[in-house]
Amino acid sequence: MKKMKYRPMVYRIKKTYFLTRLLLAPLLLLVAETGLCDNAGTAVRLKEKAVSLGKPPQNSKMYGITVNMPDATHMAYATRIDNKMAVHVDGKKGPDFDAIAKGTPIFSPEASRAAYIVYENKKAFPVVDGKKGPIFDGIGDFTFSPDGSSWAYKIQEGKKQAVVVDDKKGERFDFINGQPLFSPNSKKVATLAANNKEWFAVVNGYKYGPYDAVKEPVFSPDSKHFAFAAQKGILWHLVTNGIEGKGYENVTVITWSPDSNHLAYVAQANKMLLIVEDGKEHESYQTVSTPLFSPDSKHLSYPAQKGKKWMTVTDGKEGPGFDQLGPSVYSGDSLKLAYVGIKKKKPVMVINGKKQKNYESLGMPVFSPNGKHLAYRAFNKGRWRMVFDGKEGKKYLEVKRPEFSPDSSKIAYMAVSEEKLKMSMVVNEEEQTPFDAIGRPHFSPDSKALAYTVLVDDTWGISINGMVTENKFTGFLKGVPLVYDSDTSLHGLALKEKPETEFFRIEVEIKSKG
């Protein structure tokens with residue numbers, strides 16, 4: 001909770017970097033319409049609206065750009081001019097302060113509230129939706145509840161620390177470890193705290209303990225159960241709803257099943273590791289890693305090492321041995337488990353324990369939403385291709401991670417062809433119009449529209465079913481997806497460098513002609 005030093009935010013656009021130091025301008029609205037036929041031959045038009053999200057002040061340095069995810073409709077950042085900092089939300093500048101805490105501003109997950117921590121006159125206070133909160137000696141680890149209705153943070157008062165929830169201070173302790181943890185339903189807050197070397201797990205003010213140490217608090221998905229690891233003497237115990245389990249040399253990686261009815265964790269006994277599932281011990285191994293429940297909560301798998309070999313153990317049954325293992329992925333219907341195994345530097349996809357064809361390199365397995373299809377990237381003899389349900393696609397210089405449509409009928413991925421090194425979106429093995437560069441594919445909820453960003457004459461636009469927007473930008477914000485507001489409308493966040501750097505939300509509606 002110390003005052004942090006900042007470095008200017010540097011943006012990456014294509015292969016160049018730039019630092020924004022510009023003027024704030026009034027809200028702008030750019031409207032355009034593009035008319036074409038989509039890939040199915042239907043006469044459609046794109047109605048576009050580019051809403052300005054503001055320009056950074058002239059000669060300012062920018063810090064901590066953030067976007068409200070998953071909606072991606074708003075953006076915020078901090079700026080510094082001389083010795084003062086301010087937060088801008090959608091282009092609207094807040095008050096000047098001595099300093100804004102690193103890691104802020106942030107948005108709440110659902111309500112899109114903007115919050116940040118201010119350092120002023122050797123004190124600290126939060127600002128939520130433009131309203132100042134109580135003042136303390138120090139503040140850190142600010143977090144919102146999953147529904148965005150509440151917030152919590154850790155504070156320093158003299159030599160004591162406490163957790164504040166919705167600006168209401170809780171019990172003071174000598175030390176509080178880590179960020180406050182909200183339950184999935186946003187109604188409970190857990191913290192790990194110590195007084196006089198006695199440790200407690202605290203949930204809504206109720207203290208579990210004392211213990212010699214506590215760690216890894218976790219709520220069940222339905223928020224009805226709470227578990228953590230606690231040390232008594234030399235042994236660690238899993239504590240679930242206040243009930244202590246068997247003592248081990250260590251307890252870690254506590255994992256609830258999706259339905260909240262099962263709990264698994266890694267325990268150490270006699271210098272060996274084992275999975276404990278619902279209180280029952282699995283076989284011991286040299287090493288085991290994170291347990292993974294299937295979506296229907298009926299199956300449990302985890303990586304385990306025996307001798308020099310690694311294997312994936314599923315429902316207690318060992319799979320084939322490998323030198324290395326990649327992460328495991330369950331299909332949405334829980335009927336399939338896929339992962340990459342590597343033996344003698346040769347990777348192979350393994351599906352329900354059965355090895356597929358060997359390649360020189362493989363990407364992560366991707367299941368369709370209905371669980372019936374599996375795709376992954378594969379490299380052999382200098383070329384990449386997509387493998388879909390075991391069938392190899394066309395060879396390319398490069399292919400990127402595939403994306404399935406929501407109805408599982410389509411698969412799209414970016415591919416780089418040898419012809420002029422152009423990039424194309426490949427949809428069900430059909431290449432779309434090539435561009436100098438393209439972004440990730442995004443299907444509409446009804447699976448009828450496919451959108452992705454494209455580079456055209458050194459500027460970026462959005463391609464929707466083969467039509468490209470008239471509005472062009474220097475780039476789109478990295479890591480921020482195109483988001484559909486309905487089956488026929490979407491938006492993205494972009495910026496322009498000229499004549500001045502300015503951020504925009506580009507909104508596009510797909511309309512039928514006539």
Side-chain angles (χ1 to χ4, degrees), residues 38-40 69-72 109-110 146 184 221-222 255-260 290 292-301 312 314 326-340 349-354 356 362-378 385-393 399-415 425-430 432 438-453 462-466 479-492 510:
D38 66 10
N39 293 331
M69 299 296 286
D71 293 339
E110 294 293 339
D222 64 4
T255 305
W256 288 97
S257 62
D259 66 2
S260 302
T290 306
L292 174 68
F293 283 100
S294 59
D296 66 2
S297 302
K298 295 181 179 180
H299 307 284
L300 177 68
S301 67
T312 296
T314 305
S328 295
V329 179
Y330 273 105
S331 59
D333 58 9
S334 301
L335 297 178
K336 298 175 184 175
L337 178 70
Y339 59 89
V340 176
M349 188 65 64
V350 182
I351 306 173
N352 285 356
K354 296 181 179 179
Q356 311 300 303
L362 287 175
M364 281 282 292
V366 178
F367 281 104
S368 61
N370 64 8
K372 294 182 179 180
H373 305 290
L374 174 66
Y376 53 90
R377 304 161 55 240
R385 65 195 346 161
M386 194 63 62
V387 179
F388 175 76
D389 290 345
K391 298 179 181 179
E392 296 179 338
V399 296
K400 293 294 186 180
R401 186 180 188 275
E403 185 77 26
F404 281 96
S405 60
D407 66 2
S408 302
S409 68
K410 301 172 185 174
I411 181 173
Y413 60 91
M414 185 275 283
M425 191 63 68
V426 181
V427 183
N428 287 0
E429 290 307 306
E430 291 188 7
Q432 308 298 304
I438 60 177
R440 286 181 50 207
H442 297 86
F443 283 101
S444 60
D446 65 1
S447 303
K448 293 181 180 179
L450 174 63
Y452 49 93
T453 56
I462 302 175
S463 173
I464 305 174
N465 287 2
V480 179
L482 301 176
V483 178
Y484 283 89
D485 303 297
S486 70
D487 291 333
T488 57
S489 62
L490 60 85
H491 66 269
I510 308 169

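Computed over heavy atoms, backbone and side chain alike; hydrogens, waters and symmetry mates excluded. Each residue takes its place number in the sequence, starting with 1.
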Approximate separation, where rounding is to 0.5 Å, of [X] [atom1] and [Y] [atom2]:
X	Y	atom1	atom2	result
Ile464	Leu482	CD1	CG	8.0 Å
Asn352	Tyr339	CG	OH	9.5 Å
Leu300	Thr255	CG	OG1	8.5 Å
Thr453	Ile438	OG1	CD1	8.0 Å
His491	Asp485	NE2	CG	5.0 Å
Met349	Leu374	CE	CG	6.0 Å

Could you work out, with side-chain hydrogen bond (donor to acceptor under 3.5 Å, both in side chains) as the rule, every residue matching [X], not counting sequence neighbours?
X	answer
Ser294	Asp296
Glu392	Lys357, Tyr359, Arg385
Thr312	none
Ser328	none

Looking only at heavy atoms, what is the nearest atom pair of [X] and [Y], with distance?
X	Y	value
Pro406	Phe443	CD-CB, 3.7 Å
Lys372	Asp389	O-OD1, 4.0 Å
Ala378	Val387	CB-CG2, 3.8 Å
Phe293	Ser257	CD1-CA, 3.6 Å
Gly439	Tyr452	O-CB, 3.8 Å
Ala449	Tyr484	O-OH, 3.5 Å

Do [X] and [Y] come within less than 4.5 Å of each other through their side chains, counting heavy atoms only?
X	Y	value
Ile462	Leu490	yes
Lys298	Ser334	no
Met425	Leu450	yes

In chain order, what residues pass the side-chain contact (heavy atoms from CB on, under 4.5 Å) check against [X], with sequence neighbours excluded?
X	result
Pro70	none
Val329	Met364, Pro365, Phe367
Pro481	Met69, His442, Val483
Asp407	Ser405, Ser409, Ser447

Taking [X] for its side chain and [Y] for its backbone only, find out whether a donor-acceptor pair lies under 3.5 Å.
X	Y	result
Ser408	Ser368	no
Gln432	Glu430	yes
Asn465	Lys448	yes

Next on the checklist: According to ring-ring contact (aromatic ring centres under 6.0 Å, His included), who are the partners of Phe388, at least two apart in sequence or on a separate chain?
Outcome noted: His373
Checklist entry - For Arg440, which residues count as a salt bridge (Lys or Arg N to Asp or Glu O under 4.0 Å) partner, sequence neighbours excluded? => result Glu403
